[in-house]
Structure formats: structure tokens, C-alpha cells
Visitor: 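Pasting a structure here, questions to come.
Note that ligands are numbered from 1 as they come in the structure, with each ligand's atoms numbered from 1 the same way.
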Amino acid sequence: MQYVSTRGKAPVLNFEDAMLTGLARDGGLYVPAETPQFSPDDIAAMAGKSYADIAFRVMKPLVGDVFTDEEFTGIIERAYGDFGHEACAPMVQLAPNHFLLELFHGPTLAFKDFAMQLVGQLFQFSLTRRGERVTIVGATSGDTGSAAIEAFKGLDAVDLFIMYPHGRVSDVQRRQMTTPTESNVHALAVDGDFDDCQARLKDMFNDHDFRDGVRLAGVNSLNWGRVLAQIVYYFAAATALGAPHRKVSFTVPTGNFGDIFAGYMAKKMGLQIDRLVIATNQNDILHRAIDTGTYAATGVKPSISPSMDIQVSSNFERVLFDAYGRDGNAVEVGMEEFKNTGSFEISQGAISMLRDTFQSGRASEEETSATIKDMLARTGEVLCPHSAVGVKVAQEYLGEEPMITLATAHPAKFPDAVQAACGVHPDLPARMGDLFDREECFTQVPNDLDALKTLIKGRIS
Ligand SMILES: *Cc1c(COP(=O)(O)O)cnc(C)c1O
């Protein structure tokens with residue numbers, strides 16, 4: 001399988017190089033050159049299989065022949081062996097035709113584990129056989145950093161540094177980053193906010209001497225490997241509820257558009273998906289774009305679903321590429337205009353494709369809290385605020401076919417918002433019960449490029 005950039009000017013790469021490269025050199029994002037097709041028989045054969053087995057079948061054609069079947073099976077088994085639920089992505093029922101897909105049974109209790117655990121094993125395998133070693137630096141507002149630390153800890157082909165804003169992540173998120181003891185993972189508490197962390201990360205990538213010297217790599221949400229992993233649970237959930245013989249719909253709480261893009265890929269690959277619903281919180285750039293045809297950034301308004309508090313939905317470019325008939329030039333022109341002016345008009349043809357493909361809705365802060373309270377009363381389920389945004393929007397689109405809403409985090413990751421909404425303090429699962437007893441280890445660093453560079457160079461030598 002070959003991978004092409006959404007801006008059409010970067011080299012065409014195989015899966016392994018697209019994954020190790022991350023962002024394309026022309027500023028675009030890598031997408032598969034062709035879409036593998038699954039027949040109804042292929043899909044029927046997934047019903048009742050293990051998560052690892054479905055993962056192999058779904059991802060294999062997208063990965064191509066860069067690994068043997070045996071190697072790829074091993075990678076998948078190592079990635080998903082540490083989940084707290086045998087089904088990896090189980091479902092519970094909320095209403096006669098509404099199901100919740102629990103994506104929070106991984107080691108850090110959020111769906112980012114599905115992608116990060118796989119990417120960790122893929123990096124380790126590919127780098128080891130090339131005899132290479134890289135330094136991964138990331139910036140996080142919480143969930144991504146903890147998922148990365150859990151995924152990369154103890155892997156000897158990688159040193160991982162995660163910058164987070166000191167004093168501005170939740171206690172659970174911070175402890176998940178600061179309590180692993182493996183010597184290749186480093187939690188850096190930066191004196192600044194999340195934007196400062198991201199700006200320093202960008203500075204490091206733009207400092208070519210440093211970048212080459214430490215062999216800097218990234219695993220942010222633009223990395224194709226992360227999208228790849230997320231396609232799997234759409235197949236697992238749909239076949240569990242009757243695909244290919246009956247269609248299902250999905251509602252996806254969305255920030256960077258990564259998770260819902262994976263659902264779009266599953267549909268393109270032949271999965272029987274009826275509706276794909278985009279659910280945003282009050283940071284509703286995507287909902288407005290589908291509604292009005294103008295993709296326009298406004299400032300971020302902090303919400304109780306912080307992992308969806310984004311200014312720009314960076315993975316949206318991947319679907320725009322298809323909406324513009326895979327015309328990389330048109331995508332580049334639109335994205336440049338957006339970068340320079342903060343907004344651009346989506347063309348008539350592209351917006352009609354997007355409206356045919358997606359529906360969308362938003363949940364206000366009050367609606368999100370009310371949904372947590374209401375679901376507890378009606379079903380006994382305690383939702384995290386991100387999942388509640390999804391459930392609220394899904395309720396507007398319930399129909400004949402089963403609706404599956406993605407639950408993106410465990411409520412115990414956001415205990416204060418949950419308790420304020422419904423009066424219940426959600427407990428950590430038993431296997432993580434000692435999180436608050438473990439010793440924390442982190443390094444406080446000033447918001448300064450030179451200080452960060454010196455620290456990183458010193459730690460990896
Ligand atoms: C990252 C995240 C999201 C948003 O996912 P995208 O792929 O960025 O759309 C939603 N909920 C939680 C809990 C997250 O951590």
C-alpha cells in the first residue's frame with residue numbers, strides 16, 4: 001500500500017515510512033493511495049472473532065507487505081494485551097436502539113490507548129530492525145501524553161519526552177504521566193500553558209541541528225498510524241450488532257477529527273455504516289463548517305470536555321482531500337487561506353460531499369452536564385463529559401438502525417466535572433486503585449527552548 005500527501009507534493013511512501021515520518025514534507029497529511037475493499041463475506045467472517053483477530057484483518061491491507069503476517073500478529077498482540085477488558089472495546093446498551101462503545105479499558109482509560117499502544121509497538125519493531133533509535137517529543141494537555149508514556153515505556157528503540165503545562169492537568173492525568181518508572185520516559189512540567197508547550201515543540205522541529213542531532217520524531221494525532229488503529233473498533237462494534245446484514249450508525253465526540261475520520265475510512269472500506277454523526281462541544285468549528293460551509297476558527301473556550309477544546313481540527317484536511325476529489329492543489333490553497341485569514345469557504349462540490357457523508361451537532365456545557373445526570377438516572381451508567389457530548393448529539397439522530405456512541409474516556413479521568421453533574425464521584429478501576437499511592441517523578445523546566453534542548457540532550461546521551 002502506498003501513501004500520498006493531501007497536498008500532493010511530498011514523496012509517495014509505504015506504510016512504514018509514512019508512519020515514521022509523521023507529517024508530510026509539503027505540510028500535508030499522509031492518506032492511503034487506494035482504499036482496500038471488504039466484501040460482505042469478509043465482514044461477516046469477523047463476527048465473534050477476538051479484537052486482535054479483527055484488528056489483523058482490518059489493518060493488514062492498509063499496512064501492506066512491510067511486515068510478515070507473523071510479525072504483524074505479534075505487534076497487535078503486544079499492543080492490546082494490556083487492556084483491562086477481554087473484549088478491548090465492549091458495548092453497553094443505553095436505550096432500545098442506542099449503544100455505548102466503551103473505548104476506555106486501555107492502560108490510561110481513554111481511547112487514545114488504542115492508537116498509541118499500536119504505534120508504540122510499530123515504532124519499536126521498525127526501528128529495531130533498522131538498527132535505529134529516535135527521540136520522540138510530544139506536547140499534551142493531558143490524555144495524549146499519558147497514553148504515549150504508557151505505550152512507549154520500556155521500549156528500547158525510543159526515548160520519550162512529554163511536555164505538559166505545570167499545574168494545569170488533572171491529578172489523574174498528571175499521575176499517569178509521572179508514576180511510570182522506566183528510564184526511557186520523561187515527564188516534563190513546563191512553566192507555561194498548553195500553547196507554550198506546543199510552541200516549544202514546534203521550535204524543536206524547526207531547529208534542524210537539534211532535530212537531526214537527537215533524531216527527533218513525533219506521534220501527534222496527524223500520524224497515520226494512529227488513525228489506522230482506530231478503524232478497527234468500528235468494524236468490531238458493527239459486526240457485533242449485525243453487520244453486514246444490518247446497518248449501524250455512529251456518533252463520535254470530536255476534537256481533531258481523528259476518531260471520526262477513522263469511521264469514515266471504515267465506511268469507505270465497505271462497512272455497513274448508515275450515519276456518521278460529528279459531535280462537538282462548545283468549540284464547534286466542525287459543526288459550523290458542515291452547517292454553513294465556512295471553515296472558520298474562533299478562540300478556544302475551555303469546557304468540561306477539555307480533550308475536545310480545539311481551535312483547529314487538524315485531521316479535517318484528510319477528508320477535505322476526498323471532498324475536493326483528491327486535488328492536492330485545491331487543498332493547499334484552502335489550507336493556506338485558512339492559515340493566513342483564519343477562515344475559508346468550502347467549495348460547493350466539497351460541501352455537498354461532506355453533507356452527504358456526515359451529520360453534526362453540538363452540546364453546550366449545560367446540556368453535557370444534564371446528559372450525565374439523565375443517563376445515570378435512566379441507565380445507571382456514569383458518563384465522562386466527552387462521552388456525554390456524544391450521547392446528547394446522538395439522541396437527536398436516533399432512527400431505525402442501531403446507533404453506537406463512542407465513549408472516549410472513563411469517568412474517573414474527569415471526576416470533578418462528573419461529580420458536579422450527577423453527584424457521584426467515579427472511582428478508578430481496581431487495577432489502577434493505587435495510582436495515588438505511587439511515587440511521582442517529573443522534571444520542572446522553564447518555558448525556554450535552550451533549557452529544554454539541554455535537558456533532552458543530557459538525558460539521551
Ligand atoms: C482526544 C480525545 C477526544 C477527541 O478525539 P479526536 O480524535 O481529536 O477527535 C475526545 N475525547 C477524549 C477523552 C479524548 O482524549
Visitor: Determine the sole option in Leu406, Val277, Ile404 for which the side chain to side chain contact (heavy atoms under 4.5 Å, CB included) test with Thr251 is passed.
Guide: Val277
Visitor: So is there a nitrogen or oxygen of Asp143 less than 3.5 Å from a nitrogen or oxygen in ligand 1?
Guide: yes
Visitor: Would a 4.5 Å heavy-atom cut-off, applied to side chains only, mark Phe15 and Met59 as touching?
Guide: no
Visitor: Which atoms of ligand 1 sit under 4.0 Å from any heavy atom of Lys112?
Guide: 1 (C), 2 (C), 3 (C), 14 (C), 15 (O)
Visitor: Quick check on contacts: which atoms of ligand 1 are under 4.0 angstrom from a heavy atom of Thr254?
Guide: 9 (O)
Visitor: Is the backbone N or O of Arg318 less than 3.5 Å from a side-chain atom of Thr6, with the two atoms forming a donor-acceptor pair by type?
Guide: no
Visitor: Ligand 1 and Gly255, any nitrogen or oxygen pair closer than 3.5 angstrom?
Guide: yes
Visitor: Report yes if the distance between the aromatic ring centroids of Phe114 and Phe111 is under 6.0 Å, otherwise no.
Guide: no
Visitor: Any nitrogen or oxygen of Phe257 lying under 3.5 Å from a nitrogen or oxygen in ligand 1? Just yes or no.
Guide: yes
Visitor: Locate the shortest heavy-atom distance separating Ser5 from Gly28; write the atom from each residue and the value.
Guide: OG-CA, 3.6 Å
Visitor: Below the 3.5 angstrom mark, is there an N/O of Gln230, backbone or side chain, next to an N/O of ligand 1?
Guide: no
Visitor: Numbering the atoms of ligand 1 from 1, which are under 4.0 Å from a heavy atom of Ala409?
Guide: 13 (C)
Visitor: Identify the closest protein heavy atom to atom 11 (N) of ligand 1: which residue and atom is it, and at what distance?
Guide: Thr408 OG1, 2.8 Å
Visitor: What protein heavy atom sits nearest atom 6 (P) of ligand 1, and how far off is it?
Guide: Asn256 N, 3.5 Å
Visitor: Less than 3.5 Å between some nitrogen or oxygen of His386 and one of ligand 1, yes or no?
Guide: no
Visitor: How about Glu86: does its CD atom have over 12 heavy atoms from other parts shown lying under 6.0 Å from it?
Guide: no
Visitor: Are any of the heavy atoms in Phe111 under 4.0 Å away from ligand 1?
Guide: yes
Visitor: Kindly determine whether Arg7 and Asp26 satisfy salt bridge (Lys or Arg N to Asp or Glu O under 4.0 Å), including the steps that lead there.
Guide: CA-CA 7 Å; Arg7 304 209 182 166; Asp26 57 4; 5.9 Å; no
Visitor: Where do Pro107 and Phe83 come nearest, in terms of heavy atoms and distance?
Guide: CD-CE1, 4.0 Å
Visitor: Just need the protein heavy atom nearest to atom 7 (O) of ligand 1, so name the residue and atom and give the distance.
Guide: Asp259 N, 3.1 Å
